Each structure stands twice: as C-alpha cells, then as structure tokens.
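Quick caveat, the model's predicted, so the values are computed rather than measured.
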Amino acid sequence: MNSIKNVPARVLNRRPGHSLEAEREQFDKTQAISISKAINTQEAPVKEKHARRIILGTHHEKGAFTFWSYAIGLPLPSSAILSWKFCHVLHKVLRDGHPNVLHDCQRYRSNIREIGDLWGHLHDRYGQLVNIYTKLLLTKIAFHLKHPQFPAGLEVTDEVLEKAAGTDVNNIFQLTVEMFDYMDCELKLSESVFRQLNTAIAVSQMSSGQCRLAPLIQVIQDCSHLYHYTVKLMFKLHSCLPADTLQGHRDRFHEQFHSLRNFFRRASDMLYFKRLIQIPRLPEGPPNFLRASALAEHIKPVVVIPEEAPEDEEPENLIEISTGPPAGEPAVVADLFEQTFGPPNGSMKDDRDLQIEALKREVEMLRSELDKIKLEAQRFISQLKGQVNALEAELEEQRKQKQKALVDNEQLRHELAQLRAAQVEGERNQGLREEAEKKASATEARYNKLKEKHSELVNTHAELLRKNADTAKQLTVTQQSQEEVARVKEQLVFQVEQVKRESEMKLEEQSDQLEKLKRELEAKAGELVRVQEALSRTEQSGSELSSRLDALSADRDELSRVVQQREADLLAAQSLAREKEAALSQERQRISRERDELQGRLADKESQEQGLQQRLLDEQFAMLRATAAEAERILQDAVGKLDDPLHLRCTSSPDYLVSRAQAALDAVSALEKGHAQYLTSRADASGLVAALTRFSHLTADTIVHGSATSHLAPTDPADRLIDTCRECGARALELMGQLQEQQALLQARPGLVRTPLQGILQLGQELKPKSLDVREEELGAMVDKEMAATSAAIEDAVRRIEDMMNQARHASSGVKLEVNERILNSCTDLMKAIRLLVTASTSLQKEIVESGRGAATQQEFYAKNSRWTEGLISASKAVGWGATQLVESADKVVLHTGKYEELIVCSHEIAASTAQLVAASKVKADKHSPHLSRLQECSRTVNEMAANVVASTKSGQEQVEDRDTMDFSGLSLIKLKKQEMETQLDKKDGSYAAQVVN
C-alpha cells in the first residue's frame, strides 16, 4: 500500500480531533440507546447484550461517568420496575465493569439511598424489593471501598485472602463480621424475591417472574465466594481463639449456611436458572470448625456460567462507525481536503484522496474486526473462567482425596465414638436402672473372672514355688554329686600318686638289686679268673642268674605297663571330671535361667493382677461417676421444674406426695448402706449404683410432685413446700457432685438429704384434705344425702328460673324480654337435662352397688371403696354448687346487675361438673350396662344444652349492645375517653374469662 507523504500539518492537527469527537458522540449515543433499552418499565428481564454493551462502555472510558450521566436523568421515582432494573444493571456494572466504577458509584451513594428509602415507604411489591436491593448495593460499595484487595466481583485467591486478613486476630474477627453482614444482605434479597413468587415452573418461565429472578444470578455468584471466604476465616479464627468466644460466630454461620443451601436448592429446581447458570450444591451439614482437619474436607463452591447462545434479535455494533457523516450535519469529513486545498480539478480525485479513503475504509474494517475480536475475547475469557473454575473444583476434589487418607484414622475414631455414644444412648433409653443392673452383673462377672484369674495365679504361684523347691533340691543333689566327684577325683589322684610311689619304690629296689647284682657279677668275674677251674661248677649258677634277670626284666615291663594303664585311667578320670563339671555348670546355668524366667513370670503375673485390680477399681468408680452424673442430670431437670412456667398447670395430690417422700426416705437409707459398703470395698460398687439410681429417681419424683402439689395448696404451705423442695434438690445435687470426685467421696454424707425429705413428708401430711375425715360407715349415707341435695338444688334452680321468667315478662318488653326469655329457657332446658343426668347417675350407682357388694351391705361397699365414694360426693357437690351459681348469674343478667360472661363461665363450669360426675359414676360400671348408655346420652344432652346457653347468651349480648347505641353529643372529650377505656376493660375481662373456661 502506498503511504501518504507530505500531508499538511493543519490536516494532521484537525483530523484526529474531529475523529475523536465523532467517536465520542457515537459512543454516547450507543450508551444512551443501551441504557434506555436495558432500563425500562417493561416487566421483563434485562437483556444480556444491552448490559454487556454498558459494561464494555465502562471499560472503554475506564469509568462509569457516561452511565451515571444518563442514569441520573431516568425517572426512577415514577416506576418501581424501572428502579428494580436500574439496581440490576448497576449490580452487573459493579461486578463486571471497570475497577474505577466503584469510585464513581461512591459519589452517587446518596442517590441510591434516596431511591431505596422512597420505595421502602410505599406499599408496592417491587418497591419493597428495590428497598432491599439498594441496601445490598450500598453494603457492597462500602465493603469494597474499605477492602480494596477484594474486587467487586469477589474473585480472589486464597493467598490474597490471607494477606487481606493479616495476622491480627481483631482484624480477622472484624472482616468475618463484615462478610456475615454482606451475606445477610444477599440472602435477604433472595428470600424476598422467593417470598413474592410461586416457585412453580410456570412462574419461572413467565416474563414477570424472570424480571424478579434475573438479579439472583449475581447474588448466586456473590454468595458462592462469600461462603468460601467465611469458611476460611472461621477456621482461622478457631485456630487463634477459644471455641466459647466464637459461639456467636458459629451460630450465625450455621443460620446463613442453611439459608444459603435452601436458596441454592430452590434456584436449582427452576428451569430459568438451569440454562443460565450452573449452581453448586452445598454439603448436607456445615463444616465442623472445632476440628481443624475438617478444613481439608471443605470444597470451594464453583459457579459456572455456560456459553451464551446468540440471541435472535439483530446484532448491533457496540460502537457504530459510519462511513458517511451523521444525518443533519454538513459533510465536513468528506470535504476535508476540499476545504483545505480547494476544489479538485474537475470531478476526478487525485491519488492522495484515494489513498485517504482507502485508509479510512481500512481503519473502519480494522475497528470492526477489533470489536469482533474484543467480543470473541470476552467470550473466550468467560469460557476460560468456567474451565478454570471447573479445574479448581477438580483440584479441590483431588486435594480432598489426597488429604482424606490423613484424616481416616481420626474419622474412624470419631465414628467409633459416635457408635459408642449411640450405643450408650440406646442403652440409656432402655432404662438407667436396667443399665445399672447390667453393669453390676457384668462387673460381678468380671470380678468372678478376676477372682478365678487370681486363684489361677495363686495356684500357678504355688506350683512355681514347688518347682523352685524341686529345683533347689536338684541343685543340692547336683552339688552333692559334684562334691562326690571331687572326692572321687581326689581319691583317684591319691591312688595315682600312691601307685607312682609304689612303682618308684619298686624301681629303686630293682635298681638296688641290679647294682648289687652288678657288684656280685664283678665279684664273680673277679672270682671267674680264680674259679675258671670250677667253671663247670658255676655254669649252673650263671643260668640261674640269667633266668632271674629275665624274670626281673619281665617284672619291669609289666610294671611299666601297669603305670601306663594307671596314667590312662587317670586321664579318663580327669576328662570325666571335666565333663561332669561342664554338665554341672550347664545345669546350673539352665536352672538359673529357669529360676529367673519363673521369677519374671511371677512378677508379671503379680503386676498383671495389680493392673486388673486397679482396672476393676477404675471401672467401678467410672460406673459410679457415670451413674452419679446421670442422677445429677435427673435431679437438675426436677429442680428446673420448680421454675418452669409450663409446669404450673400440673397438679398432684398430697397423698401421692407422701408416698413418694416415704419411698425417697427409704432410698436414702439404702444409699447410706451402699456408700458404706463401697468405702469398705472399692472393688464392688453395684450396691451403691443401684441405690443411687433408685434414690435419684425417687428424689426427683418427690421434688416434681412437691411442686405440682404446691399449685393446689394455700400460699404459705405452698411457699414452704417449694423452699423445702429447693433445699432437697440442692443437697441432693451437692451429694451427686461429691460422688463424682475421688477426694470428696469420703466426705459425702447421704444422710443430709433425709432432713428436707422429712420436711416434704410432713408438709404433705399437713396438706391432706380434712373435709372427708368421716367414719367409713357414714360414707354410704353421705352419698345418698349428697345426691338428694343435688336433686333438690336442681329442682330449686328450675323453680327459681320459672319465677325469674315471670318477673321478666312483667318488668321488661321488646328486645330485652326476648333476650331474657331465650336465656332463661336455655337455662331451664339445661337444668332439666342435669336432673335427668343425676337420676341416671343414681340408677347406675345403685346397679354398681348391687352388683359389687356381694354379701356385704351397702355401707360396707361404700366404706370398702372409699376413694370412689369420695369422688362421687365431690362431683355431686360440684353439680349442686354449679346449678346454684348458674341461677344467681342468670338472675343478675335478667336484672342487668351482672355480666353475660359470668353466665357463660357458669354454664361451662356446670358442664365440667356434670362431666366429673359421669366420670366418677362410670369408673366401676359395666361397659354393657343400659344405665351407663343412658348416662352417656344424658351427658351429651347436658353438653348440648350448655352450648345452647352459651349461644343464647352471646346472641342476646350482641342484640342488647346493638340496641343500646350511645349518644356522644353531650359528652366531653375526657368522658368519651373514660367510657372508651371502660368498654375496652369489659372486653378484656370477657376474653380473659373465656380463656379461663377453655
């Protein structure tokens, strides 16, 4: 391509400025169109391509000045949908826009707050969402301005997180709290959106539902990073601070974890999110921050945005570059060279004009290609981010698998502990007493086994002692044999020396003889000369001498042979002695080794026996401590019932309290005996454990029933009973604490609990009812008397109601007469139904007495079943009293001196009294008895009549109140307020009375 040479300076100076101005205008126009299309009043989600153009615009101008210049002019206070979509676009711009966007948004925080406050005061569905969304945006801006290490997209590495947290525990603590606040705002927005939407599939596919759901994509992206960072920071805090200090942090994290997991689960089920975002799944339970190795099990949640499909609408250039000038303005650019150099010669253009136009076209092509490359690069970046996130997830999984082998042992120990805890819990659910008995039997069996082992060890010890004695005997015999061998050796040596001496003596004798013979021979030789003549005579003596010489040589040879034989015998005896000595030393060493081995085994057995004995003692004390701890929990639960408001409705009788207190006193004696036995023999705690189990249950039962009995007792005895129960619980808990410590076990005094238990027993005896202290033979007469009195009271009530009806007919008229007649008629019907019920109850009682007394009289039957008889008397008295109260309340209502609520309460009270009478009558009745069926029918009739009384009373009250309209014209403001307060108090009294009845 030919280059442009010698271009005038003024052309070079003018062209760039005009081109930048046109490009800026085109950029502003494109941004305005994108903002207007993204933020509008249509109830539809923001299209991704418009939001992407706005985000690329922030990167183009390195800030959000243009965005805010157009956003300020939007009529946000006029439409909640417009404000909602503005918040959505601003959230996307903060996350994916240029980093300078955060500082530009800082200047407009007041505008964001005003929009949120405006819509927060209005009762509009989108308005409430806008209020929450603006709070989230303000929190996001403040957090990232305070912590610039975290970009608005919240995507940083673990190294950056460690650097941002630092080493100061206060900074880590504060950063964790701020991230919790950040997460709360995100979760609050998601919960508000889901609260307004039905989570059905059809709703998530409608444009109105998608308009609300679209911002949750950014919320999911933020929450995944915040969850990962909070987990890292929480593990770091737990490595620096004690667990009790961080209890509040753990509670807050657990609450956010369950909310976030529920949010992710609900979002994953919607089709709208499935094609736009891949939502991670959180684990079933939160991480265990108390175990440092649990950090290796944590997997970073990775959010993947799939590749976006091309939209069906026509694509628009991010920045339009027009070849011609914009409409409405002169062709300044096209005629630039004409204005500079003048008009061309004719209509032909020179080479430089053609080169300029070619360069312009090439620049435009390059710009369009550059935009396409940018779009493609953004797409590739998003794909690569998704791949990086997937690879990070795989890396975390591999890291988890790598470190999982290191924590298998700890997990197995933890699982074993859990299994043991579950086993202990299951055994505890079967009953503490059975567990204690099983432990006692197991301990007894273990003790028997140890006893058998001990006897075996004793037998083994005795056998070893016997073997040791045998070995000592063998050693003594061996020593004796060794001494005998030494004696034999000495004898042999003595014999050898003696033989040597004898042989030497014989040799000396023979040598003497030889010398003598030699001398004789010399003498004979001398004489030979002299006696040659008598040679014949001496030849015979010469032969004798030669024979004697041969005999002497033979003797000498035999003596030398005997000496050699003696020497061989001596050598054999010496070798035999050496062998005996070697065998004796080996036997001595073997015996020494066996003795050392036996002594070592004996010491091991003794140490093992001591270890088993100590283990038995430790197990016995551990069993005792566990039983005492469980008993302490039982007593604490019983003492807690004294201040429990829910226990106020529970009641009990003094008789049952007395029986429980007496049983607890017996348990105290057994506990003292078991404690003394355990102090005597620490190897057997079965008696103390059994006594402790029974004592804890009976004492706790006494405390609970003492509290229940105080609810029906007078004030002074009730207070004294409660105080005594508290004292009993305190002493019992103190005793349980002493039984759990080795040092305090000797100072434990179970007898201290006896004093408060005796006080409870005495108070229970004082609270026994005195009204029924009559002789047993008078009970039968009292039943008949009370039933007759009840019938008479009902007859009198019917007669009084008839008199009141006659008086009302003369004294009133109109609505009041109608109301009074209806109320009195319903009361009359109720009394008649009660009279029939009393008659049926009397017949059933006679049948019960006739069928159950046998050969006894009626008085004897009543005396034998005194409890049942007292119940009948109490129920009949309650019915008679209720009838009298009903008549008095009806009389007050008719005379306008009473309240309608009192009549309603009396009707409920008399219905309850008749129900008590029915229950008392049917206790001993045959279920197939016709009198029982008739009694049940009468009971249902009484309930219906009581309901009629209540209904007629309420309707009459409404009629009278509607009729008695008040005239406020002559009242002052103070009197008007006074009457209004009195009316409200009457209503509250009526509602309170109804609650008491119910």
Side-chain angles (χ1 to χ4, degrees), residues 27 30-31 34-35 37-39 45-68 70-71 84-106 108 112 133-134 136-145 147-157 160 182 185-186 189 213-226 228-229 273 276-279 302-311 316 318-319 371 373-389 392:
F27 171 74
T30 306
Q31 288 291 298
S34 300
I35 292 172
K37 288 184 178 181
I39 305 174
V46 177
K47 290 189 177 180
E48 190 65 29
K49 63 178 184 178
H50 302 318
R52 190 187 302 115
R53 292 192 189 102
I54 298 172
I55 292 168
L56 290 177
T58 61
H59 287 281
H60 179 76
E61 67 172 355
K62 295 181 176 57
F65 177 77
T66 303
F67 170 76
W68 277 107
Y70 286 107
W84 173 252
K85 298 177 81 170
F86 163 74
C87 293
H88 182 195
V89 173
L90 180 58
H91 195 175
K92 292 176 74 68
V93 168
L94 283 170
R95 276 190 55 84
D96 302 327
H98 195 271
N100 293 335
V101 170
L102 191 64
H103 298 282
D104 293 339
C105 293
Q106 168 68 12
Y108 297 96
I112 300 173
Y133 209 161
T134 54
L136 169 59
L137 294 174
L138 292 172
T139 303
K140 186 178 185 69
I141 293 170
F143 178 82
H144 292 291
L145 286 174
H147 303 283
Q149 302 92 341
F150 295 93
L154 284 171
E155 189 169 355
V156 296
T157 61
V160 176
Y182 200 163
C185 294
E186 302 275 1
L189 178 62
L213 291 173
L216 297 187
I217 295 176
Q218 283 71 44
V219 174
I220 292 171
Q221 291 176 317
D222 289 346
C223 289
S224 64
H225 294 296
L226 288 174
H228 176 65
Y229 300 153
F273 290 111
L276 296 177
I277 186 171
Q278 183 179 348
I279 303 173
V302 179
V303 177
V304 179
I305 304 294
E307 184 179 356
E308 299 173 0
E311 299 183 1
E316 299 180 8
L318 293 176
I319 303 174
D371 293 337
I373 290 171
K374 287 182 178 179
L375 289 175
E376 195 69 24
Q378 291 291 335
R379 188 176 295 110
F380 284 149
I381 287 172
S382 62
Q383 292 179 0
L384 291 175
K385 282 185 178 179
Q387 293 178 3
V388 168
N389 292 333
E392 286 182 354

Any donor-acceptor N/O pair, Gln218 side chain to Val89 backbone, under 3.5 Å: no
Within-4.5 Å side-chain heavy-atom neighbours: Glu155 and Gln221: no
His225 and Tyr229 aromatic ring geometry - parallel, tilted or perpendicular at 30°/60° bounds: parallel
Atom pair CG (Leu154) and CZ (Phe143), whose distance is rounded to the nearest 0.5 Å: 6.5 Å
Asp222 side, atom CG; Lys140 side, atom NZ - distance, nearest 0.5 Å: 3.5 Å
Leu90 vs Phe67, side-chain contact (heavy atoms from CB on, under 4.5 Å): CA-CA, chis, key distance, verdict: CA-CA 9 Å; Leu90 180 58; Phe67 170 76; 4.0 Å; yes
Separation between CZ of Arg53 and OG1 of Thr30, rounded to the nearest 0.5 Å: 8.5 Å
Test item: Ile35 and Thr66 side chains (from C-beta on) under 4.5 Å apart, heavy atoms: no
Check against side-chain hydrogen bond (donor to acceptor under 3.5 Å, both in side chains), His98 and Glu61: CA-CA 9 Å; His98 195 271; Glu61 67 172 355; over 6 Å; no
For the student: nearest non-hydrogen atoms of Arg52 and Leu375, plus distance: CD-CD2, 4.4 Å
Straight-line distance of Thr139 OG1 to Tyr182 OH, nearest 0.5 Å: 8.5 Å
Atom pair CD1 (Ile112) and SG (Cys105), whose distance is rounded to the nearest 0.5 Å: 6.0 Å
Minimum heavy-atom distance Arg95-Ala152, with the two atoms named: CG-O, 3.9 Å
Heavy-atom donor-acceptor pair, His50 side chain to Ser34 backbone, under 3.5 Å: no
His91 and Tyr133 aromatic ring geometry - parallel, tilted or perpendicular at 30°/60° bounds: perpendicular
For the student: nearest non-hydrogen atoms of Val160 and Gln149, plus distance: CG1-O, 4.0 Å
Residue pair Thr58, Asp104: steps toward the side-chain contact (heavy atoms from CB on, under 4.5 Å) verdict: CA-CA 11 Å; Thr58 61; Asp104 293 339; over 6 Å; no
For the student: nearest non-hydrogen atoms of Gly97 and His59, plus distance: C-NE2, 3.5 Å
For Pro151 against Val156, the heavy-atom pair lying closest together: CD-CG1, 3.3 Å
Minimum heavy-atom distance between Val101 and Gly63, given as atom pair plus value: CG2-C, 4.1 Å
Gap between atom CD of Glu186 and atom CG of Leu226 - 0.5 Å precision: 6.0 Å
